[in-house]
2 protein chains.
Amino acid sequence: MGLAKTEIFTDSQNEIALFAKAFGHPARVAILQHLFKINTCVCGDLVDEIGLAQPTISQHLKELKHLGLIKGSVEGTSVCYCINPEVWTKMKVVMTEFLDQDLPKTSCC
Amino acid sequence: MGLAKTEIFTDSQNEIALFAKAFGHPARVAILQHLFKINTCVCGDLVDEIGLAQPTISQHLKELKHLGLIKGSVEGTSVCYCINPEVWTKMKVVMTEFLDQDLPKTSCC
DNA sequence: TATATTAATCGTAATATTGCAATAAAACAA
DNA sequence: TTGTTTTATTGCAATATTACGATTAATATA
């Protein structure tokens, strides 16, 4: 199939999965880390920095933008991308809540 | 392609992506949440709980086991799956470090 | 206006993922 | 041994993802 049955899961579970999927590729991890490092950024920088072709980077940026984790504004011929702090913070709350579940004191096996 | 160019990224970036990918499907999120909730668990429980076919659950369990996030021990005809606390804790450190990057005080756009 | 620069989009190929029916394997019970 | 229960594996179909060359769109500059 290749198609996740999202309808049988809770909104929360689907939300966690969506955010996680955004980080599920090292290029997007690298893009986000770079955006954190140098705040202001254009797509060209990322192409040089990361070493994938320009259309590929553009596609990864589109996914991150679609999720809301980054936003971009046109600056002449280039585009300035940066982290969207509101969405990033919201994502962090969602993911942290999932990661911080209490581990059982005794392992069952 | 469909094939990520892992060789051009750092080990850390690839590790983050691998862990994130594990959470990138709501079924695996649901499985982990269920394992947290009831500590001891067998595969059959999960099939009832989640509503995907038994082979599908088995496959998701295999992925989580391969990453080390869960472990399973045979108990007669059933298998007892549970969270692997060591790997979970390690994963949490890795992911939290990524999520907790400092947001810039002023957004660039 | 013509040209350069930069990023987005289109089209396509290759690979990965998801899901399940059918089947196999393993352990127990009668 | 034979059947039952439970999980794993196999094989396959459908869809998604990744990557990039070619092209387009938009803006700036000469």
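Letters go in sequence order (proteins before strands), and every chain restarts at 1. If you're wondering where the values come from, they're calculated on a predicted model, not measured in any experiment.
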Between [X] ([atom1]) and [N] ([atom2]), how many Å, whole number?
X	N	atom1	atom2	answer
A/Ile8	C/dT18	CD1	P	13 Å
B/Lys65	D/dA8	NZ	C1'	10 Å
A/Asp48	C/dT5	CG	C1'	13 Å
B/Phe23	C/dT17	CZ	P	16 Å
A/Ile70	C/dA7	CD1	P	13 Å
A/His66	D/dA16	NE2	P	14 Å
B/Lys62	D/dT6	NZ	P	22 Å
A/Ile57	C/dT6	CD1	C1'	14 Å

If you assign each of B/Thr6 and A/Val74 to its closest nucleotide in DNA chain D, which residue comes earlier from the 5' end? B/Thr6
Presence of [X] side-chain N/O under 4.0 Å of [N] phosphate oxygens OP1/OP2:
X	N	answer
A/His60	D/dT17	no
B/Thr77	D/dT6	no
B/Thr56	C/dC20	yes
A/Tyr81	C/dA8	yes

So, B/Gln101 and A/Gln33: side-chain donor and acceptor under 3.5 Å apart, yes or no?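 Short answer, no.
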Would you indicate what [X] reaches in the nucleic acid, counting non-hydrogen atoms under 4.0 angstrom: base, sugar-phosphate, or nothing?
X	result
B/Ser78	sugar-phosphate
A/Lys21	sugar-phosphate
A/Val47	nothing
B/Val42	sugar-phosphate

Mind checking whether B/Phe19 and B/Trp88 have ring centres under 6.0 Å apart?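 Not close enough - the centres of the two rings lie 6.0 Å or further apart.
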Picking from [options], which would you name as closest to the side chain of [X]?
X	options	answer
A/Pro55	D/dA22, D/dT15, C/dA21	D/dA22
A/Val79	C/dG19, C/dA8, D/dC20	C/dA8
B/Lys5	C/dG19, D/dA19, D/dT7	D/dA19
A/Leu3	C/dG19, D/dT18, D/dT15	D/dT15
A/His25	C/dC28, D/dT18, C/dA7	D/dT18
B/Leu52	C/dC20, C/dT18, D/dC20	C/dC20
B/Arg28	D/dA8, C/dC20, C/dT18	C/dT18

Determine whether a donor-acceptor pair (one donor, one acceptor, N or O, separation below 3.5 Å) exists between the side chain of A/Gln59 and the base of C/dA8. no
For atom CG of A/Asp11, decide whether the heavy atoms of other residues, nucleotides or ligands shown that lie under 6.0 angstrom number more than 12.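 Result for CG/A/Asp11: open.
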Take A/Phe9 and A/Cys43, find for each the nucleotide of DNA chain C with the closest heavy atom, and name the residue whose nucleotide sits nearer the 5' end. A/Cys43
If each of B/Gly51 and B/Gly76 is mapped to the nucleotide of DNA chain C with the nearest heavy atom, which maps nearer the 5' terminus, i.e. the 5' end?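 Nearest-nucleotide comparison on DNA chain C picks B/Gly51.
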Check: B/Leu67 and B/Lys21 side chains under 4.5 Å, non-hydrogen atoms: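 A side-chain contact under 4.5 Å is absent here.
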Taking the basic N atoms (NZ, or NE/NH1/NH2) and the acidic carboxylate oxygens, is any pair closer than 4.0 Å for A/Glu15 and A/Lys90? yes
Minimum heavy-atom separation for A/Ala27 to A/Ile50, with atom names?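 Between these two residues, the closest heavy atoms are O-CD1, 4.1 Å.
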Name the orientation class of the two ring planes belonging to A/His60 and A/His25 (parallel below 30°, tilted from 30 to 60°, perpendicular beyond 60°).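 Aromatic pair A/His60/A/His25 classed tilted.
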